[in-house]
Amino acid sequence: MSIVTLQLGQCGNQIGFEVFDALFSDSHCPQRLCSKRENEAYQASCKERFFSEEENGVPIARAVLVDMEPKVINQTLLKAAQSGRWKYGQHSGFCQKQGSGNNWAYGYSVHGPRHEEPILNLIQKEAEKCDSLSGFFIIMSMAGGTGSGLGAFVTQNLQDQYSSSLKMNQIIWPYGTGEVIVQNYNSILTLSHLYRSSDALLVHENDAVHKICAKLMNIKHISFSDINQVLAHQLGSVFQPTYSAEGSFHYRRNPLGDLMENLVPHPEFKMLGVRNIPQMSENSLAYSTFTWAGLLKHLRQMLISNAKMEEGIDWQVRPPLSGLPTLGKTSLNKELHFNTSIANLLILRGKDVHSADLGKQKLRAYIHQYTKFGIEEEDFLDSFTLLEQVVASYRNL
Amino acid sequence: MLTKQRGPGGPAPSRYGNEETPVHVHGFLTEKLSLNLDKSVTTSATCGSSVTYGTSAPSESAVGEPGGCEGRRGLPRSLGWPPCSMTQSVVVQGKLRVEGGTPLARSQAASFATNVRSVSFLSLFLSLIAVGQCGNQIGCCFWDLALREHAAVNQKGIYDEAISSFFRNVDTRVVGDGGSISKGKICSLKARAVLIDMEEGVVNEILQGPLRDVFDTKQLITDISGSGNNWAVGHRVFGNLYQEQILEKLRKSAEHCDCLQCFFIIHSMGGGTGSGLGTFLLKVLEDEFPEVYRLVTSVYPSGEDDVITSPYNSILAMKELNEHADCVLPIDNQSLFDIISKIDLMVNSGKLGTTIKPKSLVTSSAGASKKRQEKPFDAMNNIVANLLLNLTSSARFEGSLNMDLNEISMNLVPFPQLHYLVSSLTPLYTLADVNIPPRRLDQMFSDAFSKHHQLIQADPKHNLYLACALMVRGNVQISDLRRNIERLKPSLQFVSWNQEGWKTSLCSVPPVGHSYSLLALANNTCVKPTFVELRERFMRLYKKKAHLHHYLQIEGMEESCFTEAVSSLSALIQEYNQLDATKSMPVEDLPRLSIAV
């Protein structure tokens, strides 16, 4: 079953490219870690999920790229084409000339309705190309205007049009000390809207990934492409085919469905996080050895202590919820775990975001930029309320 | 679709194309192509053959790597043409020739060529309006720098998206309006500018200088008599006289744009034309193009200003700026002069390794040898020109964290009236001819906040920040940015409700000849002293009613205009005062919404 990926905004497109690249390299990796037949089955399964076939053998990613300004999409298309190994469909990109100006309201109320039709048409075309559609994977950031605003709008529309398909939104939580000044507003509005229309929210924080890059991967000058590659690595390991009950050559057919089934038992609790080990630079990989048991144990420790990486674990133990480890390829391990740690994330970061927001709101700072495009104060209030409810329900767990 | 036309008595067109096949392609191109207006279209395929439309042999290195085809249809890699996405159609006429590579490769290349699909050319357009003597002199420096920057970045002379934001590509052989061409080699660049001055001296000088071909005569509005340093003459008299003409020229220049994003207005506040007519223009723009941002670069009068009535002109203009501008970047001559002196000091102190750069970005003259012959304000005007270039760099060039112009207003203007942004450009040596070995990157960030590097007399470090934007160009990564923000944050005071009020952007293209640069824009209460001083100078004159009659004799001007203007300024100062008062208050912990669970 296939997944259609939707890349929104600069962040979404840059990450999306890295994700497809990682998926492709992983499935075509030359290392012979398992038997050939297994490898082929794995490759086939991965390909079917994310790429569709082109006549002359270059796989086309099942993706729709959307952005309101042309530079990033052009770059992404070009990079993919230049790699020669895979590419994006010729018409799978949609862009406009003028960006959203970091304004959620602009993305949601202006760009959304205006470009609803062409975007949804593109999605429909991709969806029709799939033999069987597992669902949608939407990559967006929360701080900007296009990713957040337009993303919220599109997710809502997908909810209406494809109500039987699952949607997982990959959202990027911005750096604490701002990338964008109004990111708190944008984040609150996005989260509240997504909570209503999405099936699962997979959260990644720029801060955390940055730390991973710095501490574990030993990168001196971390650039966004480094961060995106780590993210892609994590996402790849979530979505790569996993064994099914039938045996080693059969892979589970429904990636999104499986994930949702196991991880989102109640529609109230939708937020997911990823813990990934091992994460290290390629150089050190050659010098390390792993055992499966060791990895699992480490992972469990990470979960229990709510750490995002292997080092610096803070040993205040909280009662863990049961998670379901899914098996993957031997060199990778990941665990997608729904537990109180996400709730804590929401609570802690939520607190910062809320207090920052409430402060701003009290003085009506920046509000005029949003009311220009039809978002009124009541909308803000609604968003606050919804999120408070979510936080409260997580707390009660 | 590719329709092959049979030339009279020519060889039968082959399916794979041969030397003499004339082609008329009307369609859309997706992959990168480079278009040469000599009617040859070149694209290269990685499968080792090249497709040329045209009469000339493929001269540019448009050929892909030979071999390595592997029977796969590789995607064409092309040179010189920026990647594209959709919508505009292109009509190419010429001949198709496929050569090189294996027959299979050739057929594939040809079939690719016949499947040209879509090219797009979406870009943002920015339009510069220079009003008055000061405005036009700065504008002239700006266009000179812009041309040089694009020449350095765009080696192949192809009209690309980045250039298109500031220039039109025009075929000068065509008379009249139809000459605009949107693709291909640069024929003749015309600036997207409108030059307005009420006396002819400055504009004439520009038109006789090296930049004369960059401006269209249709883009100029001039008069003879000048405004006599009188805001009322500029605003009321010339405003009414030229309103229609101005509107028409603006509409024309907007028509040439696919999508106009921003108007840049450059003027001075102390004079008559720049200040009066310039601010009249703001109102016109707001009515005619309400969705387009109006970014104003205003040169404020310094302490020792030679125009006696400059306080009157400035205050009257301020009222208009308060009401009709989206964003104002105040600048004053004294600060620019100080910066130039500092640069001179750096050069002349004989530091090791300082050499005069061959490519100069400061003076419009070709090199250091002519340095002494430059006009007195040239170096200072170039700083302002650099400011505008860096401001728009992230919108024109690619980067890992882009920032468009509408994001500036969105992030830095929390309340509509407080839209005055203090700017600083570092490192200083990027503004100079000199080649000083780059200091540590971190020094660049520290300097951006010091009061000696601001383009207006202001001290942001000791005042309250409402918001701050850092626009970095060149080889700087996100970790460097983060590290410096963390480092500098403790020494800066941010308003309590915007403690993390940072906006950042990274553009990969550095300024010409340097590896990186930083532009910092701050919405900070440190602009207040400038305004307070302006008001004081105004009051000194106004109390004695000195020179007032020159203004009052203009139809429509009354004393109430003055009192309104001054009270609008006082209200603004009051807002800043209120914010300053919150400086030392502790951060309140606001109660969260309580919900029934």
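Each chain gets a letter, A, B and so on, in the order the sequences are listed, and its residues count up from 1. Predicted model, so just to flag it, every value in this text is computed and none were measured.
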Heavy-atom closest pair, residues A:I222 and B:I478: O-CG2, 3.1 Å
Heavy-atom closest pair, residues B:D404 and A:E69: OD2-OE1, 3.9 Å
Contacting moiety of B:S409, where chain A heavy atoms sit under 4.5 Å: both
Gap separating the OG atom of A:S100 from the CG atom of B:N406, nearest 0.5 angstrom: 8.0 Å
Least distance between heavy atoms, B:A467 atom then A:I181 atom: CB-CD1, 3.4 Å
side-chain hydrogen bond (donor to acceptor under 3.5 Å, both in side chains) involving B:S400 - partner list, sequence neighbours excluded: none
Interchain contact, B:F494 with chain A, by part (heavy-atom threshold 4.5 Å): neither
Side-chain donor or acceptor of A:K71 paired with backbone N/O of B:G399 under 3.5 Å: no
Residues, nucleotides or ligands: over 12 heavy atoms within 6.0 Å of B:E291 CD: no
Chain A contact via B:V476 - side chain, backbone, both or neither, heavy atoms under 4.5 Å: neither
Inter-residue atom distance B:R482.CZ - A:D207.CG, 0.5 Å rounding: 7.0 Å
Nearest heavy-atom neighbours spanning B:M410 and A:G101: CG-O, 3.0 Å
Part of B:L466 within contact of chain A (heavy atom distance under 4.5 Å): backbone
Considering all heavy atoms, the nearest A:V180-B:K503 contact: CG2-NZ, 3.8 Å
Heavy-atom pair count under 4.5 Å with chain A, highest-scoring of B:V495, B:N402, B:L470, B:V413: B:N402
